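Read the structure below first, then the notes.
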Amino acid sequence: MTTPHDVPCGTHGAVVWLTGLSGAGKSTVAELLAAELRHRAHPVEVLDGDEVRRFLTAGLGFSREDRDTNVRRIGYVASLLAKHGVTVITAAISPYAATRAEVRAMAPAFVEVFVDAPLEVCAARDVKGLYEKAFAGELDGFTGVSDPYEPPRAPDVHLRTDRSEAADCVDRLVEELARRGLLQAAAR
Ligand SMILES: Nc1ncnc2c1ncn2[C@@H]1O[C@H](COP(=O)(O)OS(=O)(=O)O)[C@@H](OP(=O)(O)O)[C@H]1O
Ligand SMILES: Nc1ncnc2c1ncn2[C@@H]1O[C@H](COP(=O)(O)OP(=O)(O)O)[C@@H](O)[C@H]1O
């Protein structure tokens, strides 16, 4: 694998790793941030858990082993892209701290973002109706209900989506990327 030193001068790839419960707001924030970066002509890709599971990690389930495989594959692809100057925004629950630490180590620059809202808020949003099924016992091993979620202890950014509008969350992320020098346009 290449190291960060192999990145061509002038590129500023990074992995913006969104982690949080289902319904916390990962996809929403990912898409809004991607739109903002595209608007600035910054190369960006979104690897969303749901979509990734249809292609890159099709066939995996939600055991710890399968979740870890899913997260590692996302981390690997994200890092490859980031090494070529792309800002990659990932949006997978990624419930285990140890696996998040593994993918951090792969990336040339890594910003861990805790997309946080209380379980009751996520369940009330119930974007896909899965919480209702999980609470009714019709869905086993659902994160936060009958499966673990290990919150980041020291995330690079902590967003409370029950307290801040999505647009404000995105502003904070843009500020953080700029602060880290990760927003300059890539060399073409
Ligand atoms: N058992 C169980 N637990 C959690 N989530 C479940 C489960 N079964 C299906 N789903 C749906 O799959 C989405 C989570 O997939 P991820 O790839 O992000 O999960 S993980 O990172 O591998 O843990 C998650 O999408 P989001 O709501 O976007 O997070 C759910 O819609
Ligand atoms: N500050 C916020 N950030 C992101 N989503 C928010 C926010 N406030 C409310 N929401 C709503 O919460 C829901 C989050 O759903 P989604 O983005 O699919 O979550 P996830 O990808 O984490 O499962 C959406 O309906 C979104 O409109």
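Remember, it's a predicted structure, so these values are computed and weren't measured experimentally. Counting starts at 1 for both ligands and their atoms, in listed order. Just so it is clear, the values below take in all heavy atoms, side chains as well, and ignore hydrogens, waters and symmetry mates.
For atom 15 (O) of ligand 2, the closest non-hydrogen atom of the protein is V127 CG2, 3.5 Å. Regarding atom 18 (O) of ligand 2, its nearest protein heavy-atom neighbour is S27 CB, 4.0 Å. For atom 23 (O) of ligand 2, the closest heavy atom belonging to the protein is G23 N, 2.7 Å. Of the protein's non-hydrogen atoms, T161 CB, 3.5 Å is the one closest to atom 2 (C) of ligand 2. Protein heavy atom closest to atom 24 (C) of ligand 2, with residue, atom name and distance, is T28 OG1, 3.7 Å.
Polar contact with ligand 2: present for G25 (N/O pair, distance under 3.5 Å). Taking only nitrogen or oxygen atoms, main chain and side chain alike, V29 does not reach within less than 3.5 Å of ligand 2. Between K128 and ligand 2, no N or O atom pair is found at a separation short of 3.5 Å.
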Pair R54-D50, salt bridge (charged side-chain N to carboxylate O under 4.0 Å, His left out): steps then yes or no: CA-CA 7 Å; R54 273 197 288 141; D50 263 354; over 6 Å; no
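Which of R125, E31, R163 comes nearest to atom 6 (C) of ligand 2 through a heavy atom is settled by distance: it is R125.
Ion pairing between R125 and D162 fails under the 4.0 Å rule for side-chain N and carboxylate O. The pair R172-E176 fails the salt-bridge criterion, with no side-chain N (NZ, NE, NH1 or NH2) lying under 4.0 Å from an Asp/Glu carboxylate O. Taking a cutoff of 4.0 Å between a charged side-chain nitrogen and a carboxylate oxygen, R179 and E175 do not qualify as a salt bridge.
Between the side chains of Y149 and T19, a donor-acceptor pair is found at a separation under 3.5 Å.
Closer than 4.0 angstrom to ligand 1 sit non-hydrogen atoms from S22, G23, K26, G49, D50, R53, F62, R67, N70, V71, A92, I93, S94, P95, K128, L130, D140, G141, F142, T143.
When non-hydrogen atoms are compared, ligand 2 lies under 4.0 Å from the backbone of S164 (N, CA, C, O) but not from its side chain. When heavy-atom distances to ligand 2 are checked against a 4.0 Å cut-off, L21 comes that close only through its backbone atoms N, CA, C and O.
Residue pairs meeting the ring-ring contact (aromatic ring centres under 6.0 Å, His included) criterion with at least one member in residues 19-38: none, sequence neighbours excluded.
Residue-ligand proximity, A24 to ligand 2, at heavy-atom distances under 4.0 Å covers atoms 19 (O), 22 (O).
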